[in-house]
Amino acid sequence: MAKKVKDHILIVDDKINNIYALEQILGQPGRNLISATNGNDALKIALNQEIDLILLDVQMPGMDGFEVAQILKSNKRTSETPIIFVTAEKKDHKFVMKGFEEGAIDYLYKPLNPDITQAKVSVLLQLHRQQRELIEKNQALENYALLINNSADLICIINGASLRFEEVNEAVYPLLGYTPQEMKGSSLLNYLSDEGQERIKELAKEYQPSFSFEVLMFTKDGEHRFFSWNIVHKHNLWFASGRDITRQKKADFEIKQLNVTLERNIAQLQLTNKELESFSYSVSHDLRAPLRSINGYAQMIEEDHAHEISEEARRMLKVIRNNAKKMGTLIDDLLSFSRMGRKEITRVNIDFNKLLEPIITDLKQTAPPGTKITIHALHNTQGDPALLSQVFINLISNAIKYSSKKETPEVEIGSNEKEDEIEFYVKDNGAGFDMQYAHKLFGVFQRLHSNDEFEGTGVGLAIVQRIVVKHGGKVWAEGKLDEGATFYFSLPKTNNPPI
């Protein structure tokens with residue numbers, strides 16, 4: 001339950017007995033009686049706190065009641081505070097008129113009549129309270145009007161029966177090009193297409209406490225704009241707000257068109273991928289057949305005519321067979337690279353130290369004698385075990401290959417934990433590379449060393465990059481000629497969607 005607000009009454013009289021008498025007459029619940037015995041104290045009280053009514057003695061030493069009233073009425077804070085003059089002597093007409101001129105609402109004459117005093121005070125307090133409430137309501141209405149007219153949305157009142165605008169805010173001008181005066185009295189139907197008119201007529205037939213709709217409207221210049229309307233129906237009036245959603249509608253349409261185009265492109269891409277896959281297998285088969293023939297016939301010549309051919313011819317036949325074998329390896333690598341772009345990845349938690357155990361065991365069997373492979377404790381994250389095994393196989397086998405000509409080949413494998421990713425590295429003390437060519441490392445067929453120095457097809461690092469990128473990570477390398485190289489790749493800590 002709300003607490004009742006007290007009425008604050010200030011009694012000003014230089015005689016304590018008179019103050020006491022007024023307190024006895026006026027004292028009751030809901031009233032706060034405050035007293036002052038001179039004009040200066042009265043002004044301090046009135047100017048520093050809320051006072052609802054002042055009973056002011058006319059004759060006081062120093063500053064009399066007329067002077068106090070004059071100061072109070074000239075101050076913005078107290079100008080509306082009602083004043084009742086209390087007097088015993090100055091009852092002449094000219095003194096009474098002077099009191100009214102100084103802002104008095106009424107007079108009380110001593111000796112005081114309790115009933116009249118109580119009645120006048122009660123009426124004036126009620127009038128003052130009503131005036132204060134009216135001022136507050138007017139202020140609230142002004143604030144609402146200010147808010148409504150500064151809104152970017154069209155806010156209005158529409159007659160539910162005639163569909164005519166009764167009130168319209170200022171936003172109508174920038175939105176539709178009409179002034180509020182032009183809109184008032186006109187029908188909402190005037191600004192709609194035939195389809196929109198029929199829809200609004202249907203909505204108006206049935207009472208709904210609140211409803212919403214979207215409709216196409218015409219501006220004063222004939223431009224089309226989409227509006228989203230929210231209506232509250234009360235007392236046969238539509239209290240309505242309309243928002244211009246033309247840009248949103250246009251964006252939605254463009255997105256829809258883009259989605260249609262995207263779906264068409266995806267379908268075309270899927271068809272292309274199927275054709276590419278079919279082409280890859282066809283090329284693989286068509287290329288492997290002549291390679292098998294070349295290798296087979298070279299071997300037959302070498303075996304069946306061994307006693308007829310010279311050493312130089314035997315060397316050339318060996319070159320032919322080696323190149324055919326190298327071509328077969330290249331075909332296999334290209335097919336692997338092609339399939340990698342279409343392969344879906346599966347994310348699971350991986351223990352990378354366990355993942356590397358069989359890989360290291362296999363690679364050590366073909367590594368040069370004395371090759372030192374150091375594996376630090378690796379951080380774990382999620383990924384596709386099969387694909388990431390291929391990444392480590394390619395990087396570690398490269399490190400072994402390019403450090404094989406060192407007296408003591410060394411390969412180091414480790415990881416570092418970053419803020420939102422795990423960074424893995426494979427380091428060797430081998431041939432290294434010039435950093436100005438680092439951007440070529442991960443391209444297909446891009447090699448920084450000749451085939452005479454180190455054999456390879458130039459596809460392995462491209463496969464590494466494709467796998468890592470599909471996991472949402474990145475790959476890079478650092479190196480220096482004849483001082484080794486370090487290849488890095490990162491994997492997200494979180495389970496990011498695969499690419």
Side-chain angles (χ1 to χ4, degrees), residues 319 322-323 325-327 329-334 336-337 340 352 356 359-379 387-418 421-471 473-491:
V319 169
N322 285 341
N323 280 307
K325 182 179 178 182
K326 190 182 298 179
M327 187 65 180
T329 303
L330 180 59
I331 291 170
D332 290 338
D333 287 347
L334 282 174
S336 296
F337 183 75
M340 201 61 65
F352 282 91
L356 281 180
I359 295 173
I360 299 300
T361 300
D362 289 344
L363 291 177
K364 277 184 175 180
Q365 294 178 8
T366 57
T371 300
K372 181 182 178 183
I373 300 178
T374 303
I375 306 174
H376 300 288
L378 300 176
H379 295 85
L387 293 180
L388 292 176
S389 292
Q390 189 63 50
V391 168
F392 277 108
I393 289 170
N394 288 7
L395 292 180
I396 298 170
S397 59
N398 268 6
I400 292 172
K401 177 172 65 176
Y402 286 105
S403 62
S404 61
K405 295 184 179 182
K406 293 290 183 178
E407 184 176 342
T408 306
E410 294 182 7
V411 177
E412 181 183 346
I413 305 162
S415 67
N416 299 303
E417 185 173 9
K418 302 296 183 180
E421 63 185 10
I422 304 298
E423 180 183 285
F424 297 90
Y425 64 87
V426 177
K427 183 178 180 181
D428 66 69
N429 65 338
F433 60 88
D434 190 334
M435 282 297 289
Q436 68 175 315
Y437 303 113
H439 63 283
K440 293 185 175 182
L441 286 169
F442 301 98
V444 182
F445 303 137
Q446 296 290 337
R447 304 195 66 218
L448 303 187
H449 300 275
S450 68
N451 208 55
D452 293 334
E453 292 180 281
F454 301 99
E455 289 187 355
T457 60
V459 180
L461 289 179
I463 291 175
V464 167
Q465 184 180 52
R466 179 162 287 190
I467 293 172
V468 171
V469 169
K470 283 176 74 69
H471 278 78
K474 56 183 181 293
V475 60
W476 69 100
E478 297 173 0
K480 196 170 183 181
L481 280 175
D482 297 322
E483 295 185 18
T486 305
F487 283 80
Y488 299 90
F489 69 93
S490 65
L491 296 175

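These values consider heavy atoms only, across backbone and side chains, with no hydrogens, waters or symmetry-generated copies.
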To the nearest 0.5 Å, what is the distance between CG on Asn416 and OG on Ser490?
11.5 Å
Kindly write out the residues that satisfy ring pair (Phe, Tyr, Trp, His ring centres under 6.0 Å) with Tyr425, not counting sequence neighbours, or none if the list is empty.
none
Heavy-atom nearest pair, Lys406 first then Gly430, reads CE-O, 3.6 Å
When rounded to the nearest 0.5 angstrom, what is the spacing between CD1 in Ile393 and CG in Asp362?
7.5 Å
Please round to the nearest 0.5 Å and tell me the distance separating atom NZ of Lys427 and atom NE2 of His376.
8.5 Å
Does any part of the side chain of Asn394, heavy atoms only, come nearer than 4.5 Å to the side chain of Ile467, both counted from C-beta?
no
Do side-chain atoms of Ser415 reach the backbone of His379 as a donor and acceptor pair under 3.5 angstrom?
yes
Could you tell me which residues satisfy salt bridge (charged side-chain N to carboxylate O under 4.0 Å, His left out) with Lys364, sequence neighbours excluded, listed by chain and number?
none
Does any non-hydrogen side-chain atom of Ile413 lie less than 4.5 Å from one of Ile360?
yes
Here's a test for you: under side-chain contact (heavy atoms from CB on, under 4.5 Å), which of Val475, Ile400, Leu461 qualifies with Leu395?
Leu461
Just verifying a value: how many Å separate Phe489 CZ and Trp476 CH2, rounded to the nearest 0.5 Å?
9.5 Å
Any Leu356 side-chain heavy atom under 4.5 Å of Ile396 side chain:
yes
Suppose the criterion is salt bridge (Lys or Arg N to Asp or Glu O under 4.0 Å): which pairs have a residue in residues 476-490, not counting sequence neighbours?
none
Indicate the atoms forming the closest heavy-atom contact of Val426 with Ala399, along with that distance.
CG1-CB, 3.9 Å
Taking the six-membered ring for Trp, are Phe424 and Phe352 closer than 6.0 Å centroid to centroid?
yes
Atom CD1 of Ile373 and atom CD of Glu412: how far apart are they, to the nearest 0.5 Å?
12.0 Å
Nearest heavy-atom neighbours spanning Ser403 and Asn429:
CB-OD1, 3.5 Å
Return the CD1 to CZ distance between Ile375 and Phe392, rounded to the nearest 0.5 Å.
9.5 Å
